[in-house]
Amino acid sequence: ATLTVNGNITNRIPAGSVTTLQGATNAMPVEASLSNLAGASVGKAFSPGVIIAGSGSVSTLTITINNTTGLTLTQVGLVDNLPVGLNIAATPAAINNCSTGSLTAMAGTQLIELIGGTLGPNSSCTLVVPVTSDVPGSYTNTIPINTLTNTEGYTNTEPAEDTLLVTGFSLGNRVWEDNGAGGGTADDGVRNGTEPGIDGVTVNLYRDSDDNGTPDGAAIATMNTAGGGFYRFDNLRADTYIVEVVIPTGTTSTVDAGDPDTDVDDDDDNGVVIVGANVRSNPVTLGPGNSEPTGETNPAINPEVGEATDDHSNRTVDFGFITSYSLGNRVWADTGSGGGTANDGLRNGGEPGINGVTVNLYRDSDNNSTPDGAAIATTTTAGGGFYRFDNL
């Protein structure tokens, strides 16, 4: 027997329905019931359940519509709104396996909508939609109860829900004073010994998606160093970035040349360039994939609270600074004017300064009274014979 309507159908043979030539009959009725428990349900799942923000990686969202009735459901409709931060991907194309229906799933939007589908008795169909994200986070996508519609009036009595994890990256690490403390060498661009971190330094983060060494626009994040000169930017998508540090008062940058993507910790070899009162790293690329340096112990806990996993966190963009000094002062005519003694090597009385004199500065690191090489700076006296070299 086949039941073609919904509900409970009882087949009854009443008492006395059985007859014989001898007059025997059934004294009691007999009956049996057949039930068609009509209903519909919706399920959903992300595969894979983890993707990387900004890498172009895609998770496939499969929405399954189940018809548990003995009837054909017509004009089947369903709306699913993705959480903000998830977008429908451009490729691969969304697939509608619910016959005769129209599926809306435009790339770059959050709306998934089925209109006019048909679903046969005791069958199911699927909507297959690629999704992606540039924003790290945990995204729970829910289709509430009573969302499924059709002409026959059956709907989902349970919600459909699944979660997609979009992992991000972290970028840091430290601003320190390259003073040679604890047995290190001053101004060598390497943090060694007990050279201290510098707290309270402003650090800006820029995007440099075309990797040309120039920020794409305004800073996307700003913070101050703390806890021993540390900084860290979290929840970053896979991309290329530039880190900028405002030069601490009374210091100058070690300005070592190099590539921050070499991923060497406690090293100022980031190719920093001076831009006004700031220094900037060369471009730093994060991802895609589990491509960041691992095993860094500065700071000791790895990863820290809020930080990406070790293989998604680059802790190697360090900046060393040294205390800056100034050196001057005056070139004058030792004439003895104003009551002084001429040519005594002392400026006294009214002996005048001499403007327009060229002054060169040399390094003599081995203190042997012989310049180490060419002049490192040149200036001209002015304002009464004065000169001064700064940021030494």
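If you're wondering where the values come from, they're calculated on a predicted model, not measured in any experiment.
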Are side-chain heavy atoms of [X] and [Y] found at a separation under 4.5 Å?
X: I63; Y: T126; result: no
X: V58; Y: I51; result: no
X: T142; Y: D162; result: no
X: N150; Y: Q75; result: no
X: R330; Y: T381; result: no
X: V42; Y: P159; result: no
X: L205; Y: V243; result: yes
X: V359; Y: T380; result: no

Checking the side chain of [X] only, and the main-chain atoms of [Y] only, is there a donor and an acceptor separated by less than 3.5 Å?
X: N173; Y: V317; result: no
X: N302; Y: T297; result: no
X: E304; Y: I301; result: no
X: D234; Y: S170; result: no
X: D216; Y: S209; result: yes

What are the two closest non-hydrogen atoms of [X] and [Y], and how far apart are they?
X: F46; Y: L86; answer: CZ-CD1, 4.3 Å
X: L114; Y: I65; answer: CD2-CD1, 3.8 Å
X: A105; Y: V129; answer: CB-CG1, 4.2 Å
X: G217; Y: Y206; answer: O-CD2, 3.3 Å
X: G101; Y: N96; answer: O-ND2, 2.9 Å
X: T335; Y: A342; answer: O-CB, 3.3 Å

Straight-line distance of [X] [atom1] to [Y] [atom2], nearest 0.5 Å:
X: L71; Y: T68; atom1: CG; atom2: OG1; answer: 10.5 Å
X: L73; Y: T69; atom1: CG; atom2: OG1; answer: 4.5 Å
X: F230; Y: D318; atom1: CZ; atom2: CG; answer: 8.5 Å
X: N67; Y: Y154; atom1: CG; atom2: OH; answer: 9.0 Å
X: S47; Y: L164; atom1: OG; atom2: CG; answer: 10.0 Å
X: E307; Y: S313; atom1: CD; atom2: OG; answer: 3.5 Å

Worked check of side-chain contact (heavy atoms from CB on, under 4.5 Å) between N141 and D80: CA-CA 8 Å; N141 183 207; D80 182 18; 3.0 Å; yes
From CA spacing to verdict: side chain to side chain donor-acceptor pair (under 3.5 Å), T240, D211: CA-CA 6 Å; T240 299; D211 196 14; 4.7 Å; no
Do [X] and [Y] get their side chains close enough for a donor-acceptor pair, meaning under 3.5 Å?
X: T74; Y: E152; value: yes
X: N156; Y: S41; value: no
X: T294; Y: D311; value: no
X: T64; Y: S124; value: no
X: T163; Y: T140; value: yes
X: D390; Y: S326; value: yes

Are [X] and [Y] connected in the hydrophobic side-chain network, where two residues link if heavy atoms are under 4.5 Å apart?
X: M223; Y: I220; value: yes
X: I376; Y: L327; value: yes
X: I242; Y: L171; value: no
X: Y139; Y: L61; value: yes
X: W176; Y: I322; value: no

Result of checking L286, L165, T132, T167 against I52 for side chain to side chain contact (heavy atoms under 4.5 Å, CB included):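 Among L286, L165, T132, T167, the one meeting side chain to side chain contact (heavy atoms under 4.5 Å, CB included) with I52 is T167.
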Residue among L82, L111, T104 satisfying side chain to side chain contact (heavy atoms under 4.5 Å, CB included) with I88: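 Answer to the side chain to side chain contact (heavy atoms under 4.5 Å, CB included) test with I88 among L82, L111, T104: L82.
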Derivation and outcome, side-chain contact (heavy atoms from CB on, under 4.5 Å), residues E177 and F321: CA-CA 5 Å; E177 186 175 352; F321 293 88; 5.9 Å; no
Test log, rule side chain to side chain donor-acceptor pair (under 3.5 Å), inputs R174 and N298: CA-CA 9 Å; R174 199 169 197 184; N298 187 20; 3.3 Å; yes
Test log, rule side chain to side chain donor-acceptor pair (under 3.5 Å), inputs T222 and N204: CA-CA 4 Å; T222 296; N204 301 312; 2.8 Å; yes
F319 six-ring centre to R280 NZ/CZ under 6.0 Å and within 45° of normal: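 Not satisfied by the 6.0 Å and 45° rule.
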N-O pairing of R347 and D334 below 4.0 Å: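 No, no charged N to carboxylate O under 4.0 Å.
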D310 with R315: basic N within carboxylate O range, under 4.0 Å: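 Between R315 and D310 there is no salt bridge, as every charged N stays at least 4.0 Å from the carboxylate O atoms.
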Residues N224, T202; criterion side chain to side chain donor-acceptor pair (under 3.5 Å); working and verdict: CA-CA 4 Å; N224 291 329; T202 299; 3.1 Å; yes
Residues that, via side-chain heavy atoms closer than 4.5 angstrom, fall in one hydrophobic cluster with I95: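 Grouped by the 4.5 Å side-chain rule, V128 form the rest of the cluster around I95.
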Test log, rule side-chain contact (heavy atoms from CB on, under 4.5 Å), inputs F169 and N314: CA-CA 8 Å; F169 294 85; N314 186 330; over 6 Å; no
From CA spacing to verdict: side-chain contact (heavy atoms from CB on, under 4.5 Å), L119, C98: CA-CA 7 Å; L119 189 56; C98 297; 5.7 Å; no
